[in-house]
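As structure tokens, the structure follows; a few thoughts come after it.
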Amino acid sequence: MTRFANGALGVALSLAAYPAIPARAHDYAVGPLKIGHPWARATPPAAKIGGGYLGIENTGSTPDRLLGGSTEAAARVEIHESSLTDGIMRMREQVDGVVIAPGQTLEFKPGGLHLMLVDLKTPLKQGDKVKATLMFERAGSVAIELQVQGVGAPQPAPSEHTGH
């Protein structure tokens, strides 16, 4: 019994030597991929599409590819990229997905690369949480939750996500 108590005390003291690292409930990981701050903008009542945004970091040594995703909130989730050319904003679906190279972080944000939620079943409302699944070529699938911000909301700063 004393041996057990001494062992438990040793474990407790060992763990106390490491500082507590707060977990961020709004960050996700699958294999070497770190997914941070998924969010979406609220949509007007008649909107049939919505946008999803997040960051994906590849901490591994092998590239991976985001192929797409799914959500019960929409008929499908596509990957789109917006670009400004000659003063004209264009949007193009990335039908082959997007590669996340080793050491790279892809930022999905308004006016750039983003998730397109197509044929929304109901409008996205500020304060809602939309469950979705992202599908990667190597890492497989990961369930995430998009935090819905206001209509026209700007890209939140990372510190604004603490506590979600």
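Quick note: numbers below take in every heavy atom, side chains included, and nothing from hydrogens, waters or symmetry partners.
Of all the heavy atoms in Met135 and Ser141, the pair that sits closest is CE-CB, 3.6 Å. When all heavy atoms are compared, the tightest approach of Tyr53 to Ala40 is CD1-CA, 4.3 Å. Nearest heavy atoms, Asn58 versus Pro63: ND2-CA, 3.8 Å. Between Gly51 and Leu117, the shortest heavy-atom distance links the atoms C-CD1, 4.4 Å. Closest of all the heavy-atom pairs between Glu81 and Leu113 is CB-CD1, 3.9 Å. Between Arg41 and Leu124, the closest heavy-atom pair is O-CD1, 3.7 Å.
Evaluation of the salt bridge (Lys or Arg N to Asp or Glu O under 4.0 Å) test over residues 89-106, restricted to residues two or more places apart or in two chains, returns none. Every pair tested for side-chain hydrogen bond (donor to acceptor under 3.5 Å, both in side chains) that includes a residue from residues 60-73 fails, sequence neighbours excluded, so the list is empty. Residue pairs meeting the ring-ring contact (aromatic ring centres under 6.0 Å, His included) criterion with at least one partner in residues 64-103, sequence neighbours excluded, are His80-His114.
Here CG of Leu33 is found 15.0 Å from OH of Tyr28. Values are rounded to the nearest 0.5 Å. How far CD of Glu107 is from CD1 of Ile56: 9.5 Å, rounded to the nearest 0.5 Å. Remark: Leu66 CG to Ile100 CD1 distance equals 5.5 Å, nearest 0.5 Å.
By the rule that hydrophobic residues join a cluster once side-chain heavy atoms approach within less than 4.5 Å of another member, Val30 and Ile79 end up as members of one cluster. Under the 4.5 Å side-chain heavy-atom criterion for Ile, Leu, Val, Met, Phe, Trp and Tyr, Ile35 and Leu106 are members of the same hydrophobic cluster. One hydrophobic cluster, built from ILVMFWY side chains closer than 4.5 Å, holds both Leu115 and Val142. In the hydrophobic cluster analysis, where Ile, Leu, Val, Met, Phe, Trp and Tyr join through side-chain heavy atoms closer than 4.5 angstrom, Phe108 is grouped apart from Leu67.
Hydrophobic side-chain contacts under 4.5 Å tie Ile49 into a cluster, directly or through other members, with Met91, Met116, Val118.
Under the rule for a side-chain hydrogen bond (donor to acceptor under 3.5 Å, both in side chains), the partners of Arg76 that lie at least two apart in sequence or sit in another chain are Glu78. Listed by chain and residue number, Lys34 satisfy the side-chain contact (heavy atoms from CB on, under 4.5 Å) test with Ala29 (two or more places apart in sequence, or in another chain).
For Lys48 (side chain) and Leu120 (main-chain N/O), a donor-acceptor pair under 3.5 Å exists by modelled atom type.
Taking a 6.0 Å sphere around NZ of Lys131, one finds it holds 12 or fewer heavy atoms contributed by other residues, nucleotides or ligands.
Counting heavy atoms from C-beta outward, Gln147 and Lys129 have side chains that approach closer than 4.5 Å.
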